[in-house]
There are 2 protein chains.
Amino acid sequence: MKLSQGVEWGLHCVVLLAQDPDGAPVSRRTLAQQFALPETYLAKHLQALVRSGVLQATSGPKGGFRLARPPEEITALDVLEAIEGSASPFVCQEIRQRGTGGVPPEECRLPCTVSSVMAAAHEAWRASLRGVTVAEIRERLPKNVRERDVRATAPG
Amino acid sequence: MKLSQGVEWGLHCVVLLAQDPDGAPVSRRTLAQQFALPETYLAKHLQALVRSGVLQATSGPKGGFRLARPPEEITALDVLEAIEGSASPFVCQEIRQRGTGGVPPEECRLPCTVSSVMAAAHEAWRASLRGVTVAEIRERLPKNVRERDVRATAPG
DNA sequence: CGTATCGAGGACATCCAATGTCCACGATAC
DNA sequence: GTATCGTGGACATTGGATGTCCTCGATACG
Ligand code: SF4
Ligand code: SF4
């Protein structure tokens, strides 16, 4: 089980944008330079965040990304599932239908206990992430991370 | 984020063995045939379960696998982490140390809020799985799955 | 003892999604 | 008009998951 590294990128970028929610848009170049990330690949994840309604993009010079909602209304789960998708990590392959003791498909309409247990764990995981907002992460960041100035390298 | 399919294989095999905890060992061949799984690859996962102390293996003719503990003392988490490992799905790459706003390593001894949030979610997930035993899964299985007879194709 | 059956474990080959790059396009500020 | 910026698709690369095969040691049975 492995989470895409893009989740870390996305969380850091969103938290960074949350430090100045109503400022000018921040370009993908500036965001990438903040963490020394590959710009074009980071752009893919930023696009996903836009599609999910977490970020809002502006084209043209002086364009870039900003939060689409106040940081109090963006949860860690929003960011994670924008990048990672919301599918359950456990994919049932219906192996109960195969092999010597195979159960006919007619009797497999309902998911079995095994998949229910895994689904419950997934939901516990989601609930934990849903309970934390980007605003809270921002407030609880260590000082040296929080005081980062995203405008330092911006043109002008 | 994707869970190895071996987890489903392992859970089903362990539950199957839990239906007759004190019977003769079941060979990997029989287990594979029960679900039409590739035998040698399933063997890898069974080995992992043995290394983790969930299963006990016996060599020689009439050998095979059986539970190392009563099913009441084996949790879904035991099976999952035996196969999948217990590492957190979120791997921190310390991107706060890189780039324009890089923080020096001396100030990064403690994990930041982002990784704490992810760690809490991981722990919620583990706690959910730790709360379910193989015995409970066995009891709650639908009848057509539970009544499977693992001896049907055994030699003799 | 010899032989057949079993698991342990390492050396591969294969597959596929994650990762990363590049280019053409439309939008916008100046 | 031009330079800057995001969008989206077409690639190439990489590493882990998947799957196979072979050798070895252990054991039941005669
Ligand atoms: S028994 Fe459960 S986990 Fe197994 S194949 Fe059926 S639904 Fe999936
Ligand atoms: S800020 Fe947190 S998630 Fe980001 S690199 Fe540091 S410890 Fe990891």
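Numbers restart at 1 for each chain; the letters A, B, ... are given by sequence-line order, proteins then strands. Everything quoted here is computed from the prediction, not taken from an experiment.
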*Indicate whether OP1 or OP2 belonging to D:dG6 is found under 4.0 Å from a side-chain N or O atom of A:Q56.*
no
*Looking at A:S4, does any N or O in its side chain come under 4.0 Å of the phosphate oxygens OP1/OP2 on C:dT19?*
yes
*Hey, is the side chain of B:R28 poking within less than 4.0 Å of OP1 or OP2 on C:dA8, counting only N and O atoms?*
no
*Look at the side-chain N and O atoms of B:Q93 and state whether any lies under 4.0 Å from the OP1 or OP2 oxygen of C:dT19.*
no
*B:S59 or B:K44, whichever maps to the more 5' nucleotide of DNA chain D*: B:K44
*Please check if the side chain of B:S116 supplies one atom and the backbone of B:C112 the other of a donor-acceptor pair under 3.5 Å.*
yes
*Give a yes or no answer on whether the side chain of A:R138 reaches the backbone of A:A18 with a donor-acceptor pair at less than 3.5 Å.*
yes
*Taking the nucleotide of DNA chain C with the closest heavy atom to each, which residue, A:W9 or A:G60, is nearer the 5' end?*
A:W9
*Please state how far atom CG in B:L42 lies from atom C1' in D:dA17, giving the value in whole angstrom units.*
15 Å
*Find the distance A:L3:CG to D:dG16:C1' and express it as a whole number of Å.*
15 Å
*Report yes if the distance between the aromatic ring centroids of B:H12 and B:F35 is under 6.0 Å, otherwise no.*
yes
_Between D:dA3 (C1') and A:R29 (CZ): distance, integer Å_ = 12 Å
*Between C:dA18, C:dA8, D:dT4, which nucleotide has the shortest distance from any of its atoms to the side chain of B:F65?*
C:dA8
*asked:* So if I take every side-chain heavy atom of A:P61 and compare against D:dA3, C:dT5, C:dG9, which nucleotide ends up nearest?
replied: D:dA3
_If you count heavy atoms of other groups shown closer than 6.0 angstrom to CZ of B:R29, is the number above 12?_
no
_Quick check for you: among C:dC22, C:dA11, D:dT4, whose closest atom lies nearest to any side-chain atom of A:T40?_
C:dC22
*Report yes or no: does B:T75 contribute a side-chain atom to a donor-acceptor pair with the main-chain N or O of B:T133 at less than 3.5 Å?*
no
*In whole angstrom, what separates A:Y41's OH from C:dT21's P?*
10 Å
_Between A:M1 and B:E39, which residue's closest nucleotide on DNA chain D lies nearer the 5′ terminus?_
A:M1
